[in-house]
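Comments concern the structure below.
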There are 2 protein chains.
Amino acid sequence: EALTLTGISLTKEQARVTLYGVPDKPGIAADMFETIGEAKIFVDMIVQGYDGEDGSTSVSFTVNQSDLKSGLEVAVAIREKHGMRDVQDGSDIAKITVSGIGLRSHTNVATVLFKQLTDLGINIEMVGTSELQVNVIVNEEKSDAALERLRQAFASSLE
Amino acid sequence: EALTLTGISLTKEQARVTLYGVPDKPGIAADMFETIGEAKIFVDMIVQGYDGEDGSTSVSFTVNQSDLKSGLEVAVAIREKHGMRDVQDGSDIAKITVSGIGLRSHTNVATVLFKQLTDLGINIEMVGTSELQVNVIVNEEKSDAALERLRQAFASSLE
Ligand SMILES: C[C@@H](O)[C@H](N)C(=O)O
Ligand SMILES: C[C@@H](O)[C@H](N)C(=O)O
């Protein structure tokens, strides 16, 4: 079945917060994001991988840059409550999203996206992919150029 | 705008591979996933967060359990080629997916999902969320019960 992409988009002025040493036991993620929601902070991407440590992991989330200050305040409160190791953050980042259908059987979409970014010398900072979307976080600086290039690279698959 | 969910699904018999000490510079992700694709391994989720280390990070991907053996072989080859620190894996995991529209403005979807899993004593192992989907990886064991519970919890929002 031919690859069908429904869109490629760029969301600039993003920021991220990462918590380290997050206790890896039930209830922590629920509490973290309930607290973040109560602070009226809209979270876009949430990414949690495997840290390779027993009993703890790290969790990153992205927000609009205008919410970074409150996002950090909430993260620090969460860290204190649960005894997490550290909070780090980053700004001047952008999210690039390639949307489509059935991306699991077209796993080269991610590879093509990664290659295009690499060819522009862009470092891939964060990745979250699913059946419907490939999302990457990059520095804002070359992100407009990246969007242009990706629209050309994927032109034949875009509806 | 009211929350609209288009589906909740469960994909069992999944496995994951995580590479640690991945050089955090352009070209690595592209090379990794081109190599994995050439081995005819279909990757479902890719997750890369921020490791908090300078110059390196970790990358996880999920595959069908039947592809874990080849996924590991490829990962070990990638580790050797780029001098990465470690490869770890896990199996008997399942992916729970909540699909909808505009999830960025309904960030409580993730929170509700996390809470429902917590109430069943289920540990959340991996997370990747986007505007269209919340994906979590859990142990397979209680995943059917989780699916049932989530369909009830989200009944009023499911189309
Ligand atoms: C780290 C966090 O996701 C934890 N495993 C939980 O289930 O809440
Ligand atoms: C780790 C990997 O994503 C790397 N930053 C790259 O751009 O390829």
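The sequence lines fix the lettering, A, B, ..., with proteins before strands; numbering per chain opens at 1. On a predicted model such as this, the values are computed, not experimentally measured, just so you know.
Of the atoms belonging to Leu120(A), not a single heavy atom falls under 4.5 Å from chain B. Using a 4.5 Å cut-off between heavy atoms, Ala29(A) touches chain B through backbone and side chain atoms alike. For chain B, the nearby parts of Asn64(A) are the backbone and the side chain; heavy atoms of each come within less than 4.5 Å. Proximity to chain B is absent for every atom of Thr57(A), based on heavy atoms less than 4.5 angstrom apart. For Val63(A), the part lying under 4.5 angstrom from a heavy atom of chain B is the backbone only.
Cluster membership for Leu147(B) and Ile137(B), using ILVMFWY side-chain heavy atoms within less than 4.5 angstrom, is not shared. Hydrophobic clustering (side-chain heavy atoms under 4.5 Å, transitive across Ile, Leu, Val, Met, Phe, Trp, Tyr) groups Phe61(A) together with Leu68(A).
Of the possible polar contacts, one joining the Thr129(A) side chain to the Ile46(B) backbone as a donor-acceptor pair under 3.5 Å is found.
Gln133(A) and Ser130(B) share a donor-acceptor pair across their side chains, judged by distance under 3.5 Å alone. Side chains of Tyr50(B) and Gln88(A): a donor-acceptor N/O pair is absent below 3.5 angstrom, by distance only.
Residues Glu131(B) and Thr97(A) are not in side-chain contact: their nearest non-hydrogen atoms beyond the backbone lie 4.5 Å or more apart. Looking only at side-chain heavy atoms (C-beta outward), Asp24(B) and Asn123(A) come within less than 4.5 Å of each other. Val47(B) has its side chain out of reach of Gln48(A): every pair of non-hydrogen atoms, C-beta onward, lies at least 4.5 Å apart.
Residues Arg104(B) and Thr11(A) come closest through the heavy atom pair NH1-CG2, 4.0 Å. In plain terms, the two heavy atoms of Thr118(A) and Ala30(B) that are nearest each other are OG1-CB, 4.0 Å.
Of all the listed residues (Asn108(A), Leu117(A), Asp51(A)), the one sharing the greatest number of non-hydrogen pairs under 4.5 Å with chain B is Asp51(A). Contact tally against chain B (heavy-atom pairs below 4.5 Å) for Ser58(A), Gly52(A), Ser99(A): the top residue is Gly52(A).
Heavy atoms of other residues, nucleotides or ligands lying less than 6.0 angstrom from CD of Glu141(B) number 12 at most.
The distance from the CE atom of Met45(A) to the CG atom of Leu103(B) is 13.0 Å, given to the nearest 0.5 Å.
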